[in-house]
*Asks:* 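One structure, as structure tokens, below. Some questions next.
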Amino acid sequence: MATRVRGMTVTAETEVPGGSPLPTEAGTAPFAALLARLIASAPAPAAVPDLAPSPPWTGWDHPGRRLWPDLDEHGQDLNLVGGPEWVDATARRVRDRLTSTPGRWLCIGHGDWATQNIRWTGRDPLVVHDWDSVIAQPEPAIVGLAAAIVARRG
């Protein structure tokens, strides 16, 4: 569970030995089902300490006025990085849509739903690690982020 200490969110995890990454041939459906189970069983965001701000790589909801957070997890300002305009245009539309109803649809999820953070015993989930990446965001944002991360696996 996350807790606040001197204005910072602190988490601790219990080591759970065993398990292994799910083989690529299993596809993405087991990851989607497990994420749905996590979201459905998580407490309401109001029942836990404040999870804001979100980690930078999930930070579409940052409080700044610019499109991207001032610094990403590598200390880089993505607002100063050139790239295809369609990426910024899409990000702007998504951010506008998700921020148009603050607080609506918020649920707790995992902001780094990557293969290396999930261990399985056969086809059964054993443990999800990296809970310093817990976030409170709208479900579409959590699912979209997870889809982008899991799609890179292999």
*Asks:* What's the shortest heavy-atom distance between Ser133 and Pro55, and which atoms?
*Replies:* CA-CG, 4.4 Å
*Asks:* Quick one: pull up SG in Cys107 and CG in Leu38 and give me the separation to the nearest 0.5 Å.
*Replies:*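 The SG atom of Cys107 sits 9.0 Å away from the CG atom of Leu38.
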*Asks:* Can you list every pair that meets salt bridge (charged side-chain N to carboxylate O under 4.0 Å, His left out) and has a residue in residues 75-84, with sequence neighbours left out?
*Replies:* Arg66-Asp77
*Asks:* Let me check something: do Trp57 and Leu98 share a hydrophobic cluster, defined by ILVMFWY side-chain heavy atoms less than 4.5 Å apart, either directly or through other members?
*Replies:* no
*Asks:* So which heavy atom on Pro30 is nearest to which on Ala26, and how close?
*Replies:* CD-O, 3.6 Å
*Asks:* Distance check, rounded to the nearest 0.5 Å: Asp96 atom CG versus Arg93 atom CZ?
*Replies:*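 Interatomic distance, Asp96 CG to Arg93 CZ, rounded to 0.5 Å: 9.5 Å.
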*Asks:* Is there any salt bridge (charged side-chain N to carboxylate O under 4.0 Å, His left out) pair reaching into residues 5-15, and which pairs are they, with sequence neighbours excluded?
*Replies:*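 Salt bridge (charged side-chain N to carboxylate O under 4.0 Å, His left out) check on residues 5-15 returns no pairs.
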*Asks:* Could you note down all residue pairs passing salt bridge (charged side-chain N to carboxylate O under 4.0 Å, His left out) where residues 79-92 supplies at least one of them, sequence neighbours left out?
*Replies:* Glu85-Arg92
*Asks:* Between His110 and Ala146, is there a donor-acceptor pair closer than 3.5 Å when you use the side chain of the first and the backbone of the second?
*Replies:* no
*Asks:* Given the rule that I, L, V, M, F, W and Y join up when any side-chain heavy atoms are under 4.5 Å apart, are Val127 and Trp131 in one cluster?
*Replies:* no
*Asks:* Locate the shortest heavy-atom distance separating Gly111 from Ile149; write the atom from each residue and the value.
*Replies:*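 Looking at all heavy atoms of both residues, the shortest contact is O-CD1, 3.9 Å.
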*Asks:* Which residues pass the side-chain contact (heavy atoms from CB on, under 4.5 Å) test with Pro45, not counting sequence neighbours?
*Replies:* Leu106, Ile108, Ala136
*Asks:* Can you run down the salt bridge (charged side-chain N to carboxylate O under 4.0 Å, His left out) pairs that involve residues 35-62, sequence neighbours left out, and say none if there aren't any?
*Replies:*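 Those involving residues 35-62 do not exist here.
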*Asks:* Determine whether the side chains of Gln137 and Trp105 contain a donor N or O and an acceptor N or O closer than 3.5 Å.
*Replies:* no
*Asks:* Pairs of donor and acceptor atoms involving the side chains of residues 116-126, under 3.5 Å and at least two apart or interchain, shall be tabulated with distances.
*Replies:*
{"unit_1": "Asn117", "atom_1": "ND2", "unit_2": "Asp112", "atom_2": "O", "d": "2.8"}
{"unit_1": "Asn117", "atom_1": "ND2", "unit_2": "Asp112", "atom_2": "OD2", "d": "3.3"}
{"unit_1": "Asn117", "atom_1": "ND2", "unit_2": "Asp130", "atom_2": "OD2", "d": "3.3"}

*Asks:* Determine whether Arg95 and His62 make a side-chain contact, defined as any pair of heavy atoms from C-beta on separated by less than 4.5 Å.
*Replies:*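 Sidechains of His62 and Arg95: in contact.
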*Asks:* Side-chain contact test, heavy atoms from C-beta onward, threshold under 4.5 Å: evaluate it for Gln76 versus Leu71 and give yes or no.
*Replies:* no
*Asks:* Using the test side chain to side chain donor-acceptor pair (under 3.5 Å), find all partners of Arg97 that sit at least two apart in sequence or belong to another chain.
*Replies:* none
*Asks:* Under the criterion side-chain contact (heavy atoms from CB on, under 4.5 Å), I'd like the reasoning laid out for Trp60 against Leu145: C-alpha separation, chi angles, the key distance, then a yes or no.
*Replies:* CA-CA 11 Å; Trp60 64 269; Leu145 178 62; over 6 Å; no
*Asks:* Under the rule for side-chain contact (heavy atoms from CB on, under 4.5 Å), what residues qualify as partners of Pro56, not counting sequence neighbours?
*Replies:*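 Result, side-chain contact (heavy atoms from CB on, under 4.5 Å) vs Pro56: Glu73.
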*Asks:* Check which hydrophobic residues are tied to Val87 through side-chain heavy-atom contacts below 4.5 Å, counting indirect links as well, and list them.
*Replies:* Leu67, Trp68, Leu78, Val81, Trp86
